[in-house]
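Since the structure comes first, as structure tokens, the remarks are kept for the end.
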Amino acid sequence: MKKVLLFASGAGSNVENIIQYFKNNPEISIVGIFTNNPKAKVLEIAEKHHVPTLIFNKEELSGGFVLGKIMKLQPDLIVLAGFLWKFPEHIIAEYPNRIINIHPALLPKYGGKGMYGMKVHQAVLENNEKETGITIHYVNEHYDEGEFIFQKKVVIDDCETPNEIVARVQKLEHIHFPLVIEKILTNP
Ligand code: GAR
């Protein structure tokens, strides 16, 4: 059995989609959802699907507390699904090439500190981009700079609001993120 640990900070549509996708998979299980945000909608999703959760603060993440909780779960893969804090180096060092992130743009464009969620889509719209997309990548010590695993583009030249862009990007995320996770875990 391969174990996946999810980190998220917000609505959790990717988390819910990943849980649904692996629900009947006897080889892959979601062992926890860790969040920095006690008000995150993702906690309701976790409860609904009976997945254990952990809420932590900055000190608990940068100190040893969160790492200790991760180690207890022994995950094969850590998945950042809308996790908005920088991931600490001491955890990355413990899980080399076993932490992945999804970013809602075609990195290296629209990445880095402060570039997350809606801010990305607003910047993409302001720059009149004809296309955007998603990037799934390994996590290293720099924001959004780890080795790419997967990218997919989508045309947005007819989009007039950031919400229209979100809808297209989310569709890509929901199709491809579980498939990429499955592929990593089945062809390590
Ligand atoms: C997703 O679009 C994800 O790509 C993005 O946050 C959203 C979370 O949505 N992540 C980042 O911007 C990371 N820099 P969700 O909570 O509905 O899954």
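Here, residue 1 is the first one in the sequence, and each next residue gets the next number.
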Handout entry: Distance (rounded to the nearest 0.5 Å) between Leu43 CG and Leu54 CG
Key = 10.0 Å

Practice task
Assess the side chains of Ser9 and Asn37: does a donor N or O sit below 3.5 Å from an acceptor N or O?
Solution key: no

Problem - Side chain proximity check, Asn101 to Phe7, heavy atoms < 4.5 angstrom - result: no

Problem - Glu16 and its side-chain hydrogen bond (donor to acceptor under 3.5 Å, both in side chains) partner, picked from Lys41, His174, His49 - result: His49

Handout entry: Any side-chain heavy-atom pair of Glu27 and Thr186 under 4.5 Å
Key = no

Practice task
Kindly work out whether a path of hydrophobic side-chain contacts (I/L/V/M/F/W/Y, heavy atoms less than 4.5 Å apart) joins Ile184 to Val4.
Solution key: yes

Problem - Atom pair CD1/CD of Ile165 and Glu160 - distance to nearest 0.5 Å - result: 10.5 Å

Exercise for the section: Verify the distance criterion only: is there a donor paired with an acceptor across the side chains of Lys23 and Gln20 at less than 3.5 Å? Expected result: yes

Problem - Transitive ILVMFWY side-chain link Leu6 to Leu67, under 4.5 Å - result: no

Problem - Spacing of Ile99 atom CD1 and Tyr138 atom OH [to the nearest 0.5 Å] - result: 11.5 Å

Practice task
Identify whether the distance between the nearest side-chain nitrogen and carboxylate oxygen of Lys109 and Glu129 falls below 4.0 Å.
Solution key: yes

Handout entry: His142 backbone acceptor or donor facing Lys113 side chain under 3.5 Å
Key = no

Practice task
Decide yes or no for Ile70 and Tyr95: does some side-chain heavy atom of the first lie under 4.5 Å from some side-chain heavy atom of the second?
Solution key: yes

Practice task
I would like to know whether Val51 and Val15 meet side-chain contact (heavy atoms from CB on, under 4.5 Å); could you show each step before the answer?
Solution key: CA-CA 11 Å; Val51 181; Val15 163; over 6 Å; no

Handout entry: His137 versus Gly146, closest heavy-atom pair with distance
Key = CB-O, 3.7 Å

Exercise for the section: Scan His103, Lys152, Gln151 and name whichever one has a side-chain hydrogen bond (donor to acceptor under 3.5 Å, both in side chains) with Thr135. Expected result: Gln151

Problem - Side chain to side chain, Thr35 and Thr53, heavy atoms closer than 4.5 Å - result: no

Practice task
Taking the side chain as every heavy atom from C-beta outward, state whether Val79 and Phe177 have any atom pair closer than 4.5 Å.
Solution key: yes

Practice task
Flag yes if more than 12 heavy atoms outside Glu47 fall under 6.0 Å of its CD atom; otherwise flag no.
Solution key: no

Completion exercise
All heavy atoms of Gln170 vs all of Ser13, minimum pair found to be NE2-OG, 3.4 Å

Practice task
Determine whether Val31 and Ile28 fall in the same hydrophobic cluster, where Ile, Leu, Val, Met, Phe, Trp and Tyr are linked whenever their side-chain heavy atoms lie under 4.5 Å apart.
Solution key: no

Handout entry: Set of ring pair (Phe, Tyr, Trp, His ring centres under 6.0 Å) partners for Phe148, sequence neighbours left out
Key = none

Fill in the blank from the handout: Of all heavy-atom pairs linking Asn36 and Pro38, the shortest is O-CD, 3.5 Å

Handout entry: Hydrophobic cluster membership, Ile33 vs Ile102, 4.5 Å side-chain cutoff
Key = yes

Handout entry: Thr132 side chain reached by Tyr110 side chain, heavy atoms, under 4.5 Å
Key = no

Problem - NZ-NE2 distance between Lys171 and His176, expressed to the nearest 0.5 angstrom - result: 10.0 Å

Handout entry: Exercise: identify the closest heavy-atom pair between Glu173 and Pro178
Key = O-CD, 3.9 Å

Practice task
Might you work through the side-chain contact (heavy atoms from CB on, under 4.5 Å) test for Met118 and Val166, ending with a clear yes or no?
Solution key: CA-CA 8 Å; Met118 220 50 185; Val166 174; 3.5 Å; yes

Practice task
To the nearest 0.5 angstrom, please state how far the CG atom of Leu61 sits from the CD1 atom of Ile91.
Solution key: 5.0 Å

Exercise for the section: Begin from the C-alpha positions of Ile181 and Ile100 and carry the test side-chain contact (heavy atoms from CB on, under 4.5 Å) through to its verdict. Expected result: CA-CA 9 Å; Ile181 293 167; Ile100 67 171; 4.0 Å; yes

Practice task
Could you tell me whether the side chain of Phe34 reaches within less than 4.5 Å of the side chain of Val66, counting heavy atoms only?
Solution key: yes

Practice task
Determine the minimum heavy-atom distance between Gly10 and Ala40, stating which atoms define it.
Solution key: O-CB, 3.6 Å

Handout entry: Exercise: identify the closest heavy-atom pair between Pro26 and Met1
Key = O-CE, 3.2 Å

Handout entry: Neighbour count >12 (heavy atoms, 6.0 Å) for atom OH, Tyr116
Key = no

Practice task
Determine whether Glu182 and Tyr21 make a side-chain contact, defined as any pair of heavy atoms from C-beta on separated by less than 4.5 Å.
Solution key: yes

Exercise for the section: Verify the cluster assignment for Leu80 and Val120: are they in a single hydrophobic cluster under the rule of side-chain heavy atoms below 4.5 Å apart? Expected result: no

Practice task
Find the distance between CD1 (Ile30) and NZ (Lys2) and round it off to the nearest 0.5 Å.
Solution key: 14.0 Å

Exercise for the section: Answer yes or no: does atom NZ of Lys153 have more than 12 heavy-atom neighbours from other residues, nucleotides or ligands under 6.0 Å? Expected result: no

